[in-house]
Amino acid sequence: MSGAWGVEPARCQAALAVLASLCRARPPPVGLDVQTCRSFELQTPERSPSPADAGTSVSLVAVVVVVCGVALVAVFLFLFWKLCWTPRRNKETSSPSCAKVPGSRGAMADKLKDPSTLGFLEAAVKISHTSPDIPAEVQMSVREHIVRHTRLQRQTTEPTSSTRHTSFKRHLPRQMHVSSVDYGHELPPAAEQPTSIGRIKPELYKQKSVDGDDAKSEAAKSCGKINFSLRYDYETETLIVRILKAFDLPAKDFCGSSDPYVKIYLLPDRKCKQQTRVHRKTLNPTFDEHFHFPVPYEELADRKLHLSVFDFDRFSRHDMIGEVILDNLFEASDLSRETSIWKDIQYATSESVDLGEIMFSLCYLPTAGRLTLTVIKCRNLKAMDITGYSDPYVKVSLLCDGRRLKKKKTTIKKNTLNPVYNEAIIFDIPPENMDQVSLLISVMDYDRVGHNEIIGVCRVGINAEGLGRDHWNEMLAYPRKPIAHWHSLVEVKKSFKEGNPRL
C-alpha cells in the first residue's frame, strides 16, 4: 500500500476516506472487523506538503539570508571606519599645528621620545651624511636623542633622589619644577645650536651694570674725605685718635656751605662717645683734635673705629653727611707710632648701629644632598635687656624664592653678649636646587614675657650680597669641607620681617 501511495496518491486518499467513513458507520457493515477499524483510526495518515507550506519555508530562508547580509555589511562598515576613517581624521587634525610650527623642536622632541623609532632615526642620521635634503635642525635633534639614549644604556646604576628630599620637594612652590638627580644626562657644549638668534647676550648688559657701579661710587666719593691718625700708648693702655681735617665735604645749607663736626666711637662700646668742635661755614675744615679711649691692647683686634660726620643745624635736627668705619685698627701700622690715614667718607643718612657679628661654617655633601650649617659663636651683640645683656639664640630659615620652607634654632644662652654655641643645623637639599635656595640667619633675644626681639640678621645664598654670596660660592667650590667666616649682623629689612618673631 505504501507503493500505491507513492504512485497514485489521489486514489489512495479516496480509498482511505471511504474506509474511514465505513468505520465510522454504526453499526459497521458486515465483513468489516471492528479491531481493524480501531487500529486504522489510531494511525496518523501522512500528509504531503502543500504549496502554502513550501512558500512559508522559502520566506523564512529569505529572511535569515537578509539578516545575515545586513550583519555582514554592518561589520564591514565598522572595520572600515576604524581602519581608514579614524587615522585619516587624526592626520587632518594634526596637520594644521604642524603647518603652523614647521621647525618646532618641542614637537620633534616628542616624536623622538618613542623608542620604536630609534632604528629609523639612526638610519636617518646615516643617510643625512650624504643627503642634503634633510634639515640641519632635524639632524641635530636626532643626534641629541641618540647621544642621550646611549648614555642611558651605558649607565648601569642611576642614582635616585633620597627619600630625605621628599619633604623639601613637597614644600617647594608649584611654579618650581623639581626633578630627580641627574648626573650624566646633560649634553656637551658642542651639541648646542650654533646660531645665536633669539638668545640673550649678557655682555650687552654688563656695561650698564658697570656704569651703575661707577655712578654709585661717584655718589659715595662726593661725600669727601677725612684725615685722622692712630697711636697706642702702652703705659696708660689708651688708644689716641687724632682727627686732623676733612676735605671736599658736600654743602648741606642753602648758602652752599656746611657746619661740620665729627663724632667718634670705639665699637662695640657706643656709650663712650666723643666729638669735635663745630666749624662754621666751611667744606674743608681743619680739626686737629685728640681723643683718648682706654682699652687693653689685647682687645684692639676686636674693636672698630667709627667716625660720623654731621652738619650742625641750630633750629632743626643735624644732617648726617657720611661715615667711616675702620674694621681693622692695625690696617696701617702696629700703632706703636702715630700713623696718618686718609679715608673716603661713605654716604649715609643715619648712624650705623653695630649689632654684633656671628661666626658660622657651611659644608655641603653633593652625594647625600646635605647642607650643614654650624653656628660657632657670636661677639659684641647689641644689649637688648635693661641689665645691659641679652639672652641670644640663633634661628636659621631655609628660603626659596622669598618663601620660608623650614626653620631650625639653637639653644638659648643667658645673660651674655658673646655666646658660644658650636651647634650644627642640617638641611636636606638636592644638588639641582642649590641655586634656588638661600639661608637667613637671625640672632634673636629671648624674652620670657612678650615677643622675642631680633638683634640682627645676615643672609647667605647665590642671590645674597657681599660676603654672604662669596661664602656660599666658596662652599660650593669646596664640597665636603667646612668653610667658616665672620658675618656682620644688619637690621631687619622689610622683606625679611616675619609675622611672628617667636616662631
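No experiment lies behind these values; they were computed from the predicted model shown. Excluded from the calculations below are hydrogen atoms, water molecules and symmetry mates; all remaining heavy atoms, backbone and side chain alike, are included.
Of the residues listed (Lys304, Lys377, Lys382), the one engaging Glu357 in a salt bridge (charged side-chain N to carboxylate O under 4.0 Å, His left out) is Lys304, and it is the only one.
Between Phe360 and His487, the ring-plane angle classifies as parallel under the 30° and 60° cut-offs. Relative orientation of the Tyr297 and Tyr234 rings is tilted, given thresholds of 30° and 60° on the angle between their planes.
Summarising the geometry of Leu381 relative to Pro419, their closest heavy-atom pair is CD1-CD, 3.8 Å, with the distance given to 0.1 Å. Nearest heavy atom pair, residue Leu417 against residue Gly388, reads CD1-O, 3.7 Å. Here the shortest heavy-atom pairing between His292 and Gln274 reads O-NE2, 2.9 Å. Between Ser257 and Thr282, the shortest heavy-atom contact is OG-N, 3.0 Å. Among all heavy-atom pairs drawn from Tyr421 and Lys413, the shortest one is CE2-CG, 3.5 Å.
Inspection of the Asn452 and Tyr393 side chains reveals an N or O donor paired with an N or O acceptor under 3.5 Å. A donor atom on one side chain and an acceptor atom on the other are found under 3.5 Å apart for His485 and Glu474. Ser438 and Arg459 share a donor-acceptor pair across their side chains, judged by distance under 3.5 Å alone. With no hydrogens or angles considered, no side-chain donor-acceptor pair links Thr387 and Asn415 at under 3.5 Å.
Salt-bridge check for Asp302 with Arg379: passed, with a basic side-chain N closer than 4.0 Å to an acidic carboxylate O. Salt-bridge formation is not detected for the pair Glu465/Arg469: no Lys NZ or Arg NE/NH1/NH2 atom is positioned less than 4.0 Å from an Asp or Glu carboxylate oxygen. A salt bridge links Glu338 with Arg242: the distance from a Lys NZ or Arg NE/NH1/NH2 to an Asp or Glu carboxylate oxygen falls below 4.0 Å. Under the 4.0 Å criterion applied to side-chain N and carboxylate O atoms, Lys343 and Glu331 are assigned as salt-bridge partners.
Leu399 CG to Gln436 CD: the interatomic distance, rounded to the nearest 0.5 Å, is 13.5 Å. Once rounded to the nearest 0.5 Å, the distance linking CZ of Phe310 with CD of Glu323 reads 8.5 Å.
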| task | Take Thr411 and Glu423 through the side chain to side chain donor-acceptor pair (under 3.5 Å) test and state the conclusion after the steps. | result | CA-CA 9 Å; Thr411 58; Glu423 300 181 23; 2.5 Å; yes

| said: Walk me through whether Thr374 and Asn422 qualify under side chain to side chain donor-acceptor pair (under 3.5 Å). | reply: CA-CA 6 Å; Thr374 303; Asn422 291 321; over 6 Å; no

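Residues Leu329 and Arg303 form a side-chain contact, since some pair of their non-hydrogen atoms from C-beta on lies under 4.5 Å apart.
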